[in-house]
2 protein chains.
Amino acid sequence: MKKFGTEKYIANLSIDCVIFGYENKELKVLIAKKKIGEGIWNLPGGYILKTESIENAANRILKERINLENIYLEQFRVFGNENRIIKSKFRELLLPYITQKYNEEDAEWITNRFVCIGFYALVEISKVNPQVGELDECVEWRSIKDIPEMIHDHNEILIYALEALRQDLDQKLIGFNLLPETFTMKELHALYEAVYDREFAMNNFQKKILDLNVLERLEKKFTGAQNKAPYLYKFKK
Amino acid sequence: MKKFGTEKYIANLSIDCVIFGYENKELKVLIAKKKIGEGIWNLPGGYILKTESIENAANRILKERINLENIYLEQFRVFGNENRIIKSKFRELLLPYITQKYNEEDAEWITNRFVCIGFYALVEISKVNPQVGELDECVEWRSIKDIPEMIHDHNEILIYALEALRQDLDQKLIGFNLLPETFTMKELHALYEAVYDREFAMNNFQKKILDLNVLERLEKKFTGAQNKAPYLYKFKK
């Protein structure tokens, strides 16, 4: 029987991560499928060591999960319903599996009520090599338009994360975490359309973004068809 | 020796509340002074029953503290440094006082590491009758420009709350919680200046607010000097 080490972690408090990436003009989220029954989809998550801050815990969970350090992370909301996990319809499904692997006390600990701190992360998909967790069958990048039913309240957590990302995109100018270092106005425009899932008139968008005074316009690269080449931009440091 | 009932609450997780009110063109915060030493200022806070949601816990704490129900509450950030409380310079000051009142186990529980969920509240000061808590000498409304040093990281919590309030004021149009039901444009303008602690040109401000299309303009009241009377507004439902 495996010893889970529940005494190392703060009880009743967990972290779940909504990991956003951007690829082929689509906003995507990294989700995992647990090896239980026909498979249960979930957001990657974990617990907080008694000796680490919540930010370090989120970073550690992401390092263990997707093998990447120093990525953009923001806490966005706490999910603290009194019935979280302990009265989830998935708890009965999970319990037999967990009691196979852990002793009774640890299984009880794991399926107790948990208040969850939601973090979202922004990553470049091409730089990420997602790891399959101990309980996972697979991990997948899925378009935000194609998210399956997930465990507990994870679909709700994703909705709040997306709302926070939209709010932060303008105010904190975090979009550059989803783009390569240099990009065209058209590429930035496509990112905004993907994140907000709606169209923006290109002229208004360009004016709004340039008015923010956060972009540095780079020289056009001589290509032989120079007057058709779009300008490249990067975010000012 | 008093039994604190730590077994009723989730360990290592607390709530602190930044209660904003608006009076005499000043944004104010309700803070309390503990009966310890020369007095230690702090934000009102408390713990979460195992059987209640975090939102209900915040509401209960505010009801116990300021005797008001159904007020506007928003969670805004989690404070989860690994040294919170347990390595606070105030812990040594608190411990003798707490061990006088509680048994050793409860005193240990109370001064352990706590991850704190910050909520802010918006109230009408005239409708509030603040209660002195069990450990408090007094509670006071203090201008955000005149906040003393507070316990642990409470000054930092206040700074984050103020930032969240500023961000939400435009986006969630929550200002009406700080104003009487009807108000003049000048009164709304003064509220914005107090919250942001800076001046807004009246013309631009009026245009921006009216463009949001959230205000309903009421009839001018006949006063005998009608052409000088300002319009009254209220927020659309």
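Order of the sequence lines fixes the chain letters, A, B, ..., with proteins taken first and strands second; residue numbering starts at 1 for each chain.
- The interface of residues 147-161 of chain B with chain A, defined by heavy-atom distances below 4.5 Å, is empty.
- The contact between A/E52 and chain B is made entirely by backbone atoms, counting heavy-atom distances below 4.5 Å.
- Among residues two or more places apart in sequence or in another chain, the side chain to side chain contact (heavy atoms under 4.5 Å, CB included) test is passed with A/Q131 by A/N67, A/N129.
- Annotation for B/K87: atom NZ does not count as buried by contact number, only 12 or fewer foreign heavy atoms lying within 6.0 Å.
- Residue A/L49 touches chain B through its backbone alone, counting heavy-atom pairs closer than 4.5 Å.
- Of the listed residues A/N83, A/I54, A/N81, A/V115, the one with more heavy-atom pairs under 4.5 angstrom with chain B than any other is A/I54.
- Heavy-atom pairs under 4.5 Å with chain A were tallied for B/N56, B/N12, B/V78; the largest tally goes to B/V78.
- Within a 6.0 Å sphere centred on NZ of A/K127, heavy atoms belonging to other residues, nucleotides or ligands number 12 at most.
- For NZ of A/K236, the number of neighbouring non-hydrogen atoms (other residues, nucleotides, ligands) closer than 6.0 Å is greater than 12.
- Heavy-atom pairs under 4.5 Å with chain B peak, among A/E55, A/R84, A/Q75, at A/Q75.
- With a threshold of 4.5 angstrom between heavy atoms, A/R77 approaches chain B through its backbone and through its side chain.
- One distance of note links CG of A/L13 with CD1 of B/I117; it measures 7.5 Å at 0.5 Å rounding.
- Closest approach of B/S53 to A/R113, counting heavy atoms only: CA-NH2, 3.9 Å.
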